[in-house]
Amino acid sequence: MEFSEHIKTANVEDVVLQQPLHPPSKGTLCITSHHLLFSDREEDSGRQVLLLLRNIDAVEKRATESSGTLVIKCKDLRVLQLEIPGMEQCLNIAQSIETLSCLACVAEMYPFFYRPSNASLRDQWGLSTPERHYTEMEALHERWRLSTVNQDYSVCPSYPPAVIVPKAIGDDALKMAAKFRQGGRFPVLCYYHRKNGMVILRSSQPLTGANRKRCIQDELLLQAAIEGSDKGYIIDTRSAQQAQQARMMGGGFESKSCYSSWKRLHRHMERGKTLQESLIKLVEACGDKSPNMDRWLSKLENSKWLSHVQTALSTAGLLAECVERDGRSVLVHGSEGTGSTLLISTLAQLIMDPSCRTLEGFLTLLEREFVQAGHPFQQRCSHSAFSHARLQQECPVFLLLLDCVWQLWYQFPLALGFSEALLLRLATEAYSSDYGTFLCNSDMERCALQVKGKTHCLFRVLLKPREREQYTNPLYEPNELAIWPSVHPQSLQLWRGFFLRWTQQTLHLELVQEDIRNMVIEWGKLALS
Amino acid sequence: MASPVSVYNSNVLDAHISSTSRESLKMELLADVTLLPGEERIIDKDIIYICPFSGAVKGKVLITNYRLYFKSSDADVAVTLDVPLGTISRVEKMGGVSSRGENSYGLDITCKDMRNLRFALKQEGHSRRDIFELLFKHAFPISHGLPLFAYVTQEKYEENGWSVYRPVEELRRQNYELCDTYPAVLAVPFKCKEEDLRRVASFRSRGRIPVLSWIHRENRAAIARCSQPLVGMSGKRNKDDERYLDLIRDANDTAKLTIYDARPNVNAVANKATGGGYEGDEYHNAELVFLDIHNIHVMRESLKKLKDIVYPNVEESHWLSSLESTHWLEHIKLVLSGAIQVADKVSSGNSVVVHCSDGWDRTAQLTSLAMLMLDSHYRTLKGLQVLIEKEWISFGHKFTSRIGHGDKNHADQDRSPIFVQFMDCVWQMSKQFPTAFEFNERLLLTILEHLYSCRFGTFLYNCESAREQNALRQKTVSLWSLVNSKTDVYLNPFYTPESGRVLYPVASMRHLELWVTYYIRWNPRIRQQQSPVEQRYLELLALRDEYIKKLEELRLSDSSRLADDSPGADTSSPSPASSPTRQRHYTHLHTPF
């Protein structure tokens with residue numbers, strides 16, 4: 001595609017920009033293939049606003065005869081307003097934004113064009129690999145192996161090329177088991193609990209269907225996973241009723257008779273459209289400009305966002321409890337195994353495993369459990385809360401994860417090595433980014449587009465010394481114990497830093513956090529020198 | 001609860017041990033209670049505590065003249081209660097000798113601090129009679145002609161908290177001397193004779209004439225506080241009062257004096273029927289603003305509703321809308337936004353007068369919060385003490401009536417959590433400005449604990465004259481003695497003094513939070529990670545002190561080196577006292593209220 005086809009008006013003078021936390025300013029608006037650039041006319045003000053078009057979730061036009069107003073609503077929840085002289089120009093700009101903000105072709109997106117001077121495309125991409133993950137966990141080598149059965153992505157298109165499976169199960173059996181699981185997502189190991197040798201496995205639902213099909217290889221695989229123990233748990237992120245209904249559609253669940261060593265626990269987690277609509281309601285309530293903000297708490301409650309946070313944290317708590325307190329291995333799945341499954345396996349690891357709570361550990365966890373594990377970022381994050389487009393497969397699972405992590409951070413101010421600023425950065429980057437990290441839906445797609453060779457890696461950048469300092473938690477103290485979150489509604493808070501981000505008060509608190517971090521760093525440097 | 005950091009007089013301690021029964025010391029379960037000097041055992045007993053969180057817990061209860069202490073005998077359920085008797089508002093018998101059902105016979109104790117305690121006893125042999133009677137007597141000493149514990153305790157501290165607030169010094173700190181007109185208003189009537197002042201007093205409810213609370217260092221704008229004018233149905237006027245207010249306005253050339261009436265407009269009108277009212281048009285050069293804050297009864301009922309949804313069980317399914325229906329946060333919002341308006345007016349150079357009906361509840365909230373916003377001194381550990389001593393204690397917030405110290409009359413309509421609400425507002429501000437306050441949350445919680453405990457004299461009596469009559473300062477210990485003898489635990493390591501800065505909190509529902517660590521602190525499932533955080537804060541304080549010390553050393557060695565090189569050279573090292581990391585200049589938050 002030629003980007004220029006879509007840019008009828010590239011420059012407009014005398015545009016008035018209104019943005020949160022700043023007085024209105026007049027200047028030049030410029031539209032490029034990936035950016036909207038506004039430069040303040042006052043030369044010495046030097047103010048520029050550079051916005052990735054991808055960040056724009058919705059454009060609303062209000063035209064009069066001589067000029068037009070565009071209200072630009074971003075995926076990072078910022079709302080900007082542009083007053084553009086000349087109706088035609090205004091419509092042209094709107095048209096360009098509408099087209100260029102929703103490019104369908106991944107290879108045309110900005111990460112493929114972003115070339116910062118201080119980085120090279122030959123730099124290492126990513127923090128770890130399944131191979132490294134396996135090598136590092138020597139304790140499990142006795143019973144688990146790294147299988148490359150999915151090397152060419154033919155067994156499971158959404159899995160990485162290498163996965164960890166029971167040693168006793170051969171690749172042929174894996175292929176059979178994959179055929180029995182939706183999308184080929186056969187059970188694989190995602191976490192090994194050092195304290196007691198228990199593991200977390202994840203998969204998608206078994207395709208038992210209405211006539212209760214079985215797959216002996218799948219049963220053997222699960223049996224091998226808990227060898228030496230008499231029982232394991234399956235946490236199904238659907239209600240028992242939903243799981244029953246799924247059978248009618250060809251899906252299903254592990255029946256007691258075929259998986260006799262496994263005990264199923266159903267926990268209903270909302271997914272898909274319901275979550276997306278909850279986000280929309282919440283953002284709407286947060287943006288309510290009416291002065292008395294009538295019934296704010298009721299609106300907050302009605303959005304149900306915090307109850308989704310509660311369910312996610314309590315299901316993750318249940319998972320961690322099974323592993324840490326009951327000493328059982330657990331298989332987690334819902335239907336596809338790419339949303340709520342990953343959400344709770346990630347949270348449970350943060351709760352139990354201190355090595356996930358450092359900055360590096362947390363990013364590695366996200367890379368492994370969300371990016372490599374095949375969370376379809378492309379589909380889930382193509383729009384956010386403002387879009388007028390018909391919802392397709394959007395769903396804020398990743399945002400919900402970050403919110404849950406923030407709740408942990410809020411309840412355990414010393415336990416996590418990273419700051420709220422990191423979570424905010426990730427919440428923004430997942431929806432629109434200079435980096436290739438959150439592009440595509442799976443490793444296979446990223447491989448086909450050579451994302452690793454043609455874009456830069458966000459996680460790597462976040463660990464560079466200067467950024468790293470910005471994202472550390474000054475109060476952090478490594479702690480070997482599990483951190484059990486309180487999930488009562490009284491203990492959960494609205495993540496104001498994100499949802500009320502563009503308000504004076506939130507900005508002020510962000511700056512204070514920064515001050516505190518700098519203070520502690522400075523004290524440490526001198527006092528301990 | 002914090003153990004006292006007192007300097008024990010060994011004689012007192014010995015005497016204390018011999019006077020309390022040896023038997024109580026033999027009781028292993030209760031052996032770890034450290035009694036305060038002067039505290040004496042009244043009774044102890046095997047009892048069952050009906051814990052709302054862990055069920056029925058067997059153990060022993062000890063009642064002294066200061067506290068109710070319970071410890072479980074079952075090591076698996078470690079439950080300890082340590083409740084100052086002053087916290088108790090009501091003691092009732094639960095069930096009768098013939099009541100059926102397990103643990104149906106016992107005591108039901110309602111506390112002033114958001115909890116209830118239920119104990120069960122054996123049904124035979126009138127087993128609760130003695131404990132009920134003794135508890136009733138000692139929990140409500142005033143109703144039984146006994147002294148409050150503050151008059152009994154023998155505690156000694158290194159610091160003397162009674163010397164924290166000295167009115168004249170405090171006025172001097174505000175540059176009061178430089179203001180040539182204000183002494184007139186506070187101490188000696190300006191131009192007008194005693195007699196004129198008396199006439200003003202006769203026109204203000206309970207004689208509470210407008211007096212100076214605070215004065216702005218630079219623009220000389222003042223906050224004055226008083227009670228409502230006695231306008232009545234007939235619309236009485238008082239020339240002296242009008243002139244008096246005009247003098248306040250005139251003191252710094254304020255064009256229009258703003259009178260903040262804390263009440264909702266309708267309530268102010270209704271007060272006319274009982275002889276009160278508000279300032280009308282006859283007050284030239286004055287504007288009247290109503291702040292819509294409700295009265296003590298509304299606040300009491302609101303907190304009661306809040307208690308209903310957090311104790312013993314927390315509301316789970318509709319928490320936020322239930323919280324909304326208590327209106328507690330709404331009241332907090334109105335108090336804060338009223339104070340913001342006062343502060344904003346004063347900082348832009350206009351003098352204000354604040355009153356409600358009697359001028360000792362809402363008025364105290366508004367003036368003290370406005371002062372906290374305007375004057376960074378009050379945000380220090382000592383400053384908050386001064387603020388409380390001044391705006392609350394000396395200006396006659398009726399602590400005895402509002403709390404009901406030692407009084408059995410639990411349904412007294414005069415009781416109301418006005419001071420708790422003020423502390424909540426302070427907490428909200430400290431959440432919004434994490435580096436602006438020298439003290440931490442622990443201080444606020446400690447103050448609220450001793451608001452009820454009657455261990456210290458600080459919150460006793462309704463006014464200064466009652467304190468004088470009862471020789472309070474001679475016979476009791478101040479809470480600030482406890483606090484100032486060991487300040488570490490009350491300090492915020494991130495405190496960054498900024499003397500000129502006015503703090504405007506955001507008084508919007510969106511940015512207010514329920515103070516969970518206070519209101520829901522009894523629920524072990526809700527409690528947040530308090531102690532590790534406090535521990536970490538202490539470490540950080542030590543680190544900060546080390547940093548300041550090193551900085552000072554560097555500065556000294558620098559200046560001596562510079563002195564060697566070029567005598568008299570000015571050193572530009574940062575001052576160690578103010579945290580030098582802070583370079584940023586805040587744009588003051590301008591407030592939507």
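Sequence lines set the chain letters: A, B, ... in the order given, protein chains first and strands last, and positions in each chain run from 1. Since the model is a prediction, treat every value here as computed from it, not as a measurement.
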Margin query: I need the B:H511 NE2 to A:L494 CG distance, nearest 0.5 Å.
Written below: 9.5 Å
Notebook entry, point to check: Under a 4.5 Å heavy-atom cut-off, does chain B meet the side chain of A:I483, its backbone, both or neither?
Noted result: neither
Notebook entry, point to check: Top residue by heavy-atom pair count (under 4.5 Å) with chain A, among B:P493, B:S321, B:S322, B:S325?
Noted result: B:S321
Margin query: With chain A as the partner, which of B:K549, B:E546, B:H318 has the greatest number of non-hydrogen pairs under 4.5 Å?
Written below: B:H318
Notebook entry, point to check: Around A:H22, counting heavy atoms of other residues, nucleotides and ligands shown, do more than 12 lie under 6.0 Å from its NE2?
Noted result: yes
Next item on the list: Run the numbers on A:E477 and B:E539 for side chain to side chain contact (heavy atoms under 4.5 Å, CB included), then give the verdict.
Entry: CA-CA 11 Å; A:E477 270 186 333; B:E539 288 169 25; 3.2 Å; yes
Next item on the list: Under the side chain to side chain contact (heavy atoms under 4.5 Å, CB included) rule, what do B:T496 and A:M519 come out as? Steps first, then yes or no, please.
Entry: CA-CA 10 Å; B:T496 311; A:M519 233 184 261; 3.2 Å; yes
Checklist line | Toward chain B, the part of A:S307 with a non-hydrogen atom under 4.5 Å | finding: neither
Checklist line | Partner chain B: residue of A:V520, A:L306, A:I516, A:N479 with the largest heavy-atom pair count (under 4.5 Å) | finding: A:I516
Item checked: Interatomic distance, B:W319 atom CH2 to A:Q490 atom CD [nearest 0.5 angstrom] -> 4.5 Å
Next item on the list: Give the minimum heavy-atom separation between A:E522 and B:Y547, together with the two atoms involved.
Entry: OE2-OH, 2.6 Å
Notebook entry, point to check: Non-hydrogen atoms of chain B under 4.5 Å away: do they reach the side chain of A:L414, the backbone, both or neither?
Noted result: side chain
Notebook entry, point to check: Below 4.5 Å, heavy atoms only, C-beta onward: do A:Q504 and B:V506 meet side chain to side chain?
Noted result: no
Next item on the list: Let me know if A:Q513 has heavy atoms under 4.5 Å from chain B in its side chain, its backbone, both or neither.
Entry: neither
Checklist line | Closest non-hydrogen atom pair between B:L320 and A:E301, with its separation | finding: N-OE1, 3.0 Å
Notebook entry, point to check: How long is the gap from CD on A:Q505 to CD on B:Q432, to the nearest 0.5 Å?
Noted result: 4.0 Å
Margin query: A quick test of your reading: do over 12 heavy atoms of other residues, nucleotides or ligands sit less than 6.0 Å from NZ of B:K307?
Written below: yes
Checklist line | A:L509, part contacting chain B, at a heavy-atom distance under 4.5 Å | finding: side chain
Next item on the list: Measure the acute angle between the ring planes of B:F494 and A:W523, then classify it against the limits of 30° and 60° as parallel, tilted or perpendicular.
Entry: parallel
Next item on the list: Tell me, for B:Y537 versus chain A, whether the close heavy atoms (under 4.5 Å) come from the side chain, the backbone, both or neither.
Entry: side chain
Note to self: Once rounded to the nearest 0.5 Å, what's the spacing between atom CZ of B:R525 and atom OG of A:S486?
What the structure shows: 10.0 Å
Margin query: Set out, in order, the CA-CA distance, both residues' side-chain angles and the distance that settles side chain to side chain contact (heavy atoms under 4.5 Å, CB included) for B:V533 and A:L475, then state yes or no.
Written below: CA-CA 9 Å; B:V533 175; A:L475 302 182; 5.8 Å; no
Margin query: Distance check, rounded to the nearest 0.5 Å: B:R510 atom CZ versus A:K299 atom NZ?
Written below: 7.5 Å
Note to self: Can you tell me how far apart CZ (A:R295) and CD (B:E330) are? Round to the nearest 0.5 Å.
What the structure shows: 11.0 Å
Checklist line | Side chain, backbone, both or neither of A:A415 within contact of chain B (heavy atoms, under 4.5 Å) | finding: neither
